**Q** 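The structure follows.
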Amino acid sequence: MTNYVLRRLLIAIPSLLGISVILFTVLALAPGDPFEELATNPAIPPDVRAALRASLGLDDPVWTRYFSWLTAMLRGDWGYSFVSRVNVDDLILARLPTTLAIIGASQILALAIALPVGVMAATRPYSIFDQVANTLAFIGFSLPTFFTGLLLILLFSITLDWLPFVYRADLSSTGWTWVWEQLRQSIMPVAVLGLFQGAAWTRFVRSAVLDVIRLDHVTTARAKGLPEGRVTLRHIVRNALIPVVTLVALQMPTVFGGAIVTEQIFRVPGIGSLLISAILANDTPVIMAVTFVFACLVVFFNLLADVIYGWLDPRISYS
Amino acid sequence: MNEDDLRQMIGRVQRGSLSRRGFVKRMAAVGLTAPMATQLLAIAGAAPAAAQTVTPYPARRGGGALKVLYWQGATLLNPHFAVGTKDQDGSRAFYEPLAGWSQDGTLEPVLAAEIPSRENGGLAEDGRSVTWKLKRGVKWHDGQDFTADDAVFNWEYAKDPATASVTTGSYRDVNVVKVDDYTVRVEFERPTPFWADAFVGSRGMLIPKHLFKDYTGAKSRDAPTNLRPVGTSAYRFTEFQPGDMLRGEANRNYHMPNRPFFDTLEVKGGGDAVSAARAVMQTGEFDYAWNMQVEDEILKRLEANGRGKVNVLPGGGIEFIQLHTRDPWTEVEGERAHISTTHPTLSDPAVRQALALLCDRNALEQFIYGRGGPATANFLNNPPRFRSENMKFEFSIAKANEVLDAAGWVRGRDGIRAKDGKRLKFVYQTSINTPRQRTQAVIKQAAQRAGIDIEVKAVTASVFFSSDLANPDTYTKFWSDIQMYTTTMPQADPQLFMNQYVSWEMSTKANSWQGRNIVRWKNDEYDAAYRAAEGELDPVKRAALFIKMNDLIVSSNHVIPLVGRPTVSASLNTLHHKLSAWDLTFGFLHDWHRAA
C-alpha cells in the first residue's frame with residue numbers, strides 16, 4: 001500500500017512539471033500585459049509603461065521566466081502579483097475561506113440531495129418518485145448556473161426583495177445577526193451550485209445503485225430475511241458507492257478552484273473570481289499559482305480516490 | 001453693475017470662458033448671495049448637469065455607511081503604482097493631492113491653502129516655477145504632521161526610476177524645492193503654462209514620508225503601507241481585500257470642517273456593470289456605482305424606478321476614427337506604414353472628406369451610445385474654453401458621392417470606385433466591443449452606398465491595446481487603413497492630449513511604436529502651434545492655439561471625431577455627490593453627503 005502510494009506520488013512529479021511548462025508557455029504566448037489601461041492614457045509616457053514591463057521581468061525570454069518561477073515555487077515562494085503588488089499566497093489565502101465555505105457548502109448540499117434521492121429512486125425504479133426525481137434532475141443539470149443564478153436574483157432580490165445579491169465576505173454584524181445575514185447572502189450562490197451538482201450526481205447515484213440492486217448477493221441478502229433498510233445500506237449502497245467516490249473525489253479540487261461564473265454573478269470574493277480577474281488583467285503569477293495548485297489537487301484527489309477504493313472494496317489490492 | 005454687464009457675464013459662463021465659481025464670486029462682490037447667483041445662472045440656461053446642483057452641505061455628521069460599488073475592485077492602494085482608475089480611486093479614498101480638478105475645469109484646493117495664481121504670487125512671471133502654500137494643521141491618520149517634507153519626498157519617490165512608479169511622468173522633469181515647512185516650489189526647465197500636473201489630481205496624491213522613507217526605489221514593493229494606507233483624507237483606512245473590499249471610517253480630525261458626513265465608507269468590487277446598476281437603481285443596496293458601461297436603454301429603464309439616477313459628466317474622452325497617412329501595405333526598410341510612404345488612396349483629400357461625410361454620428365449617438373456618446377465634430381471638446389466653434393459635421397451619402405465623382409473616382413463594374421487602377425478598398429480595424437462593432441457596421445453600410453468597400457476587422461482588446469512588439473495588430477502599429485478607438489483626457493488641460501499629432505511623436509519602428517502620433521500625420525502649422533502653446537503663458541492665446549490645432553487636424557479629415565465619451569455613473573437619488581470628469585470619482589469624496 002505504502003509502496004503504491006509512493007510510486008504514484010513519484011509518477012505525479014513529471015506530470016506536474018509537464019503541466020506547469022504547458023501553463024507557463026500558453027500564458028507567455030498570450031498577448032497583452034497588466035498595463036493595458038495605461039495605453040490610451042496620454043498622461044502616461046509610453047516609456048514609463050516599458051519601464052514597468054521591464055521592472056517586472058516581462059521582457060525576459062520565456063524560459064528564463066519559467067525557471068525563475070519554478071525555482072521560486074520549489075522554495076515555497078508563489079510569486080508576486082503584477083497587479084496588486086503583493087505576494088500571491090496572501091491573495092489566495094485571503095480568498096480561500098470564502099471559497100471553502102461557499103463551494104464546500106454547495107457540495108455538501110449536492111451530496112445531501114444526490115445520495116438519498118438517487119438511492120430512493122433506484123430502489124423504486126419507474127415509480128412516481130423516480131419519475132419526478134428524474135425529471136427534476138434533468139432540468140437541474142440542463143440549466144447552466146449563470147442562468148439559474150440570474151433567475152434567482154431576478155426573483156428573490158429584485159421582484160421579492162428578500163435576499164441581497166451582492167455577497168460580502170466581511171459582515172460587520174456579530175452573533176446571531178451575523179449568522180442570519182450570512183445565511184441570507186449565501187443561500188442563493190450555494191443553492192445554484194448545489195442544485196446543479198446535486199442533479200448530476202442524483203442521476204449517477206441512481207444508475208450506480210440500479211447496477212448493484214440486480215446482483216445475486218442482494219437477492220441472497222433478501223432471501224436471508226434481512227430487513228430492507230439493512231440490505232440497502234450494507235449490501236447495495238456500499239457497493240454502489242465505488243464509482244460515486246471517484247466522481248466526488250475528482251470534484252473536490254473545484255472546492256478550491258471556486259466557481260468562476262457563479263462567483264462573478266453574486267460577487268463572491270473567492271478563488272474563482274480572483275482567477276478570472278487575474279486572467280483579464282494578465283496577472284501571470286496569480287494565474288500560474290491558482291491553476292498550478294489546482295493541477296496538484298486534481299492529481300492528489302485522483303490518488304485519494306484510488307486509495308478509498310481499497311477501503312470500500314477489499315478485493316482491490318495495491319500490491 | 002447693470003443688467004447688460006450681468007447678461008454679458010452669464011453669456012461668458014455659458015460659453016465657458018468664465019467659471020461658475022468665478023461668476024458666483026463676482027456676484028458676491030456686488031452683494032448677491034451664492035444661491036441667488038446660481039439661480040441666475042439656472043434661469044439663464046447656464047445650469048450645469050443635474051448631478052451638479054448645489055445643495056447646502058449639512059451641518060452635521062453621522063450619516064451612516066456610504067456604500068459604493070465598483071464592478072472592478074481596487075487591487076492596490078499606493079497612488080504611485082495605481083495603474084487604472086479603480087486603483088487610483090481606491091488610493092484617493094485615503095490619500096489627497098494638493099488640489100483637485102473640479103468639473104468646470106478649475107482647480108480646487110485640498111491640501112493646499114490656496115491655488116497658486118499670478119495675483120497671490122504663486123505663479124512666477126516667467127512661468128518657470130509654481131509655489132504651493134500648504135494647509136497648516138493637517139495631520140496624517142497616525143497623528144503626524146503633514147509638511148513640505150512630505151511633498152518633497154513624493155517627488156523623490158516618484159521620479160526614481162527604480163521605484164517604477166506610474167506617476168513618474170509628472171515628476172521626473174521638474175525640480176521640487178522646500179521653501180519652508182509649509183511651502184514648496186515646483187521648478188520647470190522651460191516656461192510651463194500647464195503647471196498643475198505634479199501634486200494635482202489623480203497623479204498628485206501624497207504619501208507620508210515617515211512611513212515610506214525606508215521603502216524607496218527597488219524596495220518600494222515591500223512597504224507594508226502599500227496595502228494599509230495612512231493618508232490625510234476624510235476617511236481612515238480599516239480594511240482591504242484586493243479586488244474585493246475596501247473599508248474606511250470617518251476621520252474625526254479631518255482638516256475640513258463638518259466633514260466627512262458618513263461614518264464609514266465601503267467600496268465593494270467585482271461582478272458586472274449591469275448588475276451594479278441594478279444594485280443601486282433597482283434594489284438600492286448600494287449608494288453609488290462606478291463606470292456604467294451599460295446600454296443607455298437599460299439605464300433608462302432602471303431610472304424609471306425612481307430610486308436612482310444616472311450621472312453623465314462630459315470630459316475629454318473621445319471615440320474617433322483615424323484615416324492613415326502612410327501606406328500600411330508596403331514595407332520600406334522592413335517597416336510597414338513607414339513614414340516615407342504615403343497612403344495610395346487616403347492621401348486624396350476628397351476620399352477623406354467623403355469618408356467623413358459617411359459617418360452618421362447622430363445615428364451613433366441615437367442608436368448605439370445614447371447619453372454615453374454625444375455626437376461631436378471636434379477632437380478637443382472639453383473643458384468648454386478649448387472647444388472650437390468652427391467645426392461642423394454632416395452625414396450625406398449623396399454629397400459623398402458628389403465629392404468622389406468630382407475627384408475622378410469612378411465606379412467599376414462591381415460598384416467600387418477606382419482611379420488610376422487604385423480601388424477604394426479599406427481595412428477598418430478596432431477592438432472587440434459591441435458598440436464598436438455596431439459602429440463599424442453602420443459606417444461600412446454607408447460607405448458601400450458611396451462605392452467604397454470596407455472590410456471590418458475586430459481585434460481582441462488585450463491585443464489591440466498591447467505594446468507587444470511582435471504582434472501586427474496593435475493600434476500603435478496601425479497596419480490597416482482605418483482604425484477606431486477611444487482616447488482619454490485625464491486632465492483639464494489639452495497639452496498632453498494634443499501631442500497626438502505633432503510630428504516628433506510619430507509612432508515608428510525606431511521608437512518601438514511608442515510615439516503618440518499613431519496616424520503619423522505631419523503638419524508644420526500644427527507643430528508650430530503646439531510649440532507656441534507649450535510656452536504661451538496667456539491663457540486666452542493658449543486656448544486659441546489649441547482650438548487652431550483641433551481645427552487643423554479635424555479639417556484634414558485624417559481624424560474623424562465620432563462621439564464624446566463622458567463618464568457615466570449611477571447613484572441613489574438621496575446621495576449628494578460632487579463629481580468631476582477631470583478628477584477621480586473620489587476626488588471630492590469629503591463633500592459627499594445624503595439629503596436630510
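Chain identifiers are assigned alphabetically (A, B, ...) following the order of the sequence lines, protein sequences preceding nucleic acid strands; residue numbering begins at 1 within each chain. Reckoned from all heavy atoms, side chains included, excluding hydrogens, waters and symmetry mates. Since the structure is predicted, the reported quantities are computational estimates derived from the model, not experimental observations.
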**Q** Please look at B:T460 and chain A and tell me whether the side chain, the backbone, both or neither of the residue comes under 4.5 angstrom of a heavy atom of that chain.
**A** neither
**Q** By a 4.5 Å heavy-atom criterion (distance strictly below it), what part of B:Q495 contacts chain A: side chain, backbone, both, or neither?
**A** neither
**Q** Specify which of A:A51, A:A281, A:P164, A:S277 makes the most heavy-atom pairs with chain B at under 4.5 Å.
**A** A:P164
**Q** If you look at every heavy atom in A:A94 and A:P97, which pair is closest and at what distance?
**A** O-CD, 3.7 Å
**Q** Out of B:Q241, B:Q282, B:E285, B:Q491, which one racks up the most heavy-atom pairs below 4.5 Å with chain A?
**A** B:E285
**Q** Please classify the contact between A:R168 and chain B as side chain, backbone, both or neither, with a heavy-atom cut-off of under 4.5 Å.
**A** both
**Q** For salt bridge (charged side-chain N to carboxylate O under 4.0 Å, His left out), just list the numbers for A:D59 and A:R53, CA-CA rounded to whole Å, side-chain angles, deciding distance to a tenth of an Å, and then say yes or no.
**A** CA-CA 7 Å; A:D59 293 333; A:R53 274 184 67 92; 3.2 Å; yes
**Q** Which residue out of B:A164, B:G169, B:G269 racks up the most heavy-atom pairs below 4.5 Å with chain A?
**A** B:A164
**Q** Using non-hydrogen atoms and a 4.5 Å limit, figure out which bit of B:Q72 sits close to chain A: side chain, backbone, both or neither.
**A** neither
**Q** Indicate the atoms forming the closest heavy-atom contact of B:T430 with B:M484, along with that distance.
**A** OG1-O, 2.7 Å
**Q** Which one, B:S202, B:S512, B:A276, leads in non-hydrogen pairs under 4.5 Å with chain A?
**A** B:A276
**Q** Heavy-atom pairs under 4.5 Å with chain A - which of B:G243, B:P490, B:A162 has more of them than the others?
**A** B:P490
**Q** For chain B, which candidate among A:L280, A:I158, A:L52 shows the most heavy-atom pairs at distances under 4.5 Å?
**A** A:I158
**Q** Can you confirm whether or not the ring centre of B:F320 sits under 6.0 Å from the ring centre of B:Y485?
**A** yes
**Q** Can you give me the closest heavy-atom contact between B:L77 and B:L227, atom names plus distance?
**A** CD1-O, 4.0 Å
**Q** Let me know if B:F286 has heavy atoms under 4.5 Å from chain A in its side chain, its backbone, both or neither.
**A** side chain
**Q** So which of A:N87, A:D161, A:V166 has the largest heavy-atom pair count under 4.5 angstrom toward chain B?
**A** A:V166
**Q** Aromatic ring centroids of B:F379 and B:F497 under 6.0 Å?
**A** yes
**Q** With salt bridge (charged side-chain N to carboxylate O under 4.0 Å, His left out) as the criterion, how do B:R436 and B:E319 come out once you've worked through the C-alpha distance, each side chain's angles and the decisive distance to 0.1 Å?
**A** CA-CA 9 Å; B:R436 291 206 172 117; B:E319 176 87 8; 2.8 Å; yes
**Q** With under 30° as parallel and over 60° as perpendicular, where do the rings of B:Y70 and B:W290 fit, or are they tilted in between?
**A** parallel
**Q** Tell me, side chain or backbone of A:Y80 under 4.5 Å from chain B's heavy atoms, or both, or neither?
**A** side chain
**Q** For the ring pair B:Y475 and B:W513, is the centre-to-centre distance below 6.0 Å?
**A** no
